[in-house]
Amino acid sequence: QVQLVESGGGLVQPGGSLRLSCAASGIAFSIYTMGWFRQAPGKQRELVATFTSGGGTTYANSVKGRFTISRDNAKNTVYLQMNSLKPEDTAVYYCNAKGPIIAYWGQGTQVTVSS
């Protein structure tokens, strides 16, 4: 049974930081491209960042320079360090594992940036 369990969301003031974690089980983690997506109310889900099995990373323009994705294959975990958070970063953040044939999603974790 595949599980992606996100944690680390919460309420933070503008300019603050959060670190999201996604622990995966039931997949050959090291061969998967791991990613973070987010969905704000009334908007479509959008890509935030990805980290391929080969070590390549991509970021949405809106988060470049502020967010950093990383992964620990020994712990089957992917992280998203979010700095200089803005109110427009408020969304439910989802972990994604994309393999050769199928992709999996976590249940999401809420991030709210507000004073």
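Nothing fancy with the numbering, it's 1 onward along the sequence. We use all heavy atoms of the structure for the numbers below, so side chains are in, but hydrogens, waters and symmetry mates are not.
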Closest approach of [X] to [Y] (non-hydrogen atoms, all atoms of both residues):
{"X": "Ala60", "Y": "Leu47", "value": "CB-O, 3.4 Å"}
{"X": "Ala91", "Y": "Ala40", "value": "CB-N, 3.8 Å"}
{"X": "Ser84", "Y": "Asp89", "value": "O-OD2, 4.4 Å"}
{"X": "Met34", "Y": "Leu4", "value": "CE-CD2, 4.4 Å"}
{"X": "Gly9", "Y": "Leu20", "value": "N-CD2, 3.6 Å"}
{"X": "Thr77", "Y": "Ser21", "value": "CG2-CB, 4.4 Å"}

Determine whether [X] and [Y] fall in the same hydrophobic cluster, where Ile, Leu, Val, Met, Phe, Trp and Tyr are linked whenever their side-chain heavy atoms lie under 4.5 Å apart.
{"X": "Val12", "Y": "Val63", "answer": "yes"}
{"X": "Leu11", "Y": "Val113", "answer": "no"}
{"X": "Trp36", "Y": "Tyr79", "answer": "no"}
{"X": "Val5", "Y": "Tyr93", "answer": "no"}

Residue from Thr68, Thr50, Val48 passing side-chain contact (heavy atoms from CB on, under 4.5 Å) with Tyr59: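 Among Thr68, Thr50, Val48, the one that satisfies the side-chain contact (heavy atoms from CB on, under 4.5 Å) with Tyr59 is Thr68.
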Tyr94 six-ring centre to Arg45 NZ/CZ under 6.0 Å and within 45° of normal: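 Yes - Arg45 lies over the ring of Tyr94, closer than 6.0 Å to its centre and within 45° of its axis.
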Ring-face cation contact, Phe29 with Arg71, 6.0 Å cut, 45° max: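 Checked: cation-pi criterion met.
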Does the side chain of [X] pick up a donor-acceptor pair with the side chain of [Y] at under 3.5 Å?
{"X": "Glu46", "Y": "Gln39", "value": "no"}
{"X": "Asn83", "Y": "Ser17", "value": "yes"}
{"X": "Thr90", "Y": "Glu88", "value": "no"}

Between atom [atom1] of [X] and atom [atom2] of [Y], what is the distance when rounded to the nearest 0.5 Å?
{"X": "Ile69", "Y": "Thr58", "atom1": "CD1", "atom2": "OG1", "result": "7.5 Å"}
{"X": "Asn73", "Y": "Lys75", "atom1": "CG", "atom2": "NZ", "result": "12.0 Å"}
{"X": "Gln81", "Y": "Arg66", "atom1": "CD", "atom2": "CZ", "result": "12.0 Å"}
{"X": "Gln44", "Y": "Arg38", "atom1": "CD", "atom2": "CZ", "result": "14.0 Å"}
{"X": "Gln3", "Y": "Asn76", "atom1": "CD", "atom2": "CG", "result": "12.5 Å"}

CA sep, side-chain torsions, deciding dist, call: Phe51, Thr33, side-chain contact (heavy atoms from CB on, under 4.5 Å): CA-CA 6 Å; Phe51 199 128; Thr33 290; over 6 Å; no
Taking the side chain as everything from C-beta on, heavy atoms only, tell me whether [X] gets closer than 4.5 Å to [Y].
{"X": "Val92", "Y": "Thr109", "result": "no"}
{"X": "Arg19", "Y": "Met82", "result": "no"}
{"X": "Pro14", "Y": "Pro87", "result": "yes"}

Phe37 and Trp105 aromatic ring geometry - parallel, tilted or perpendicular at 30°/60° bounds: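 Correct class here is perpendicular.
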Working for side-chain contact (heavy atoms from CB on, under 4.5 Å), residues Val78 and Ser70: CA-CA 6 Å; Val78 62; Ser70 61; over 6 Å; no
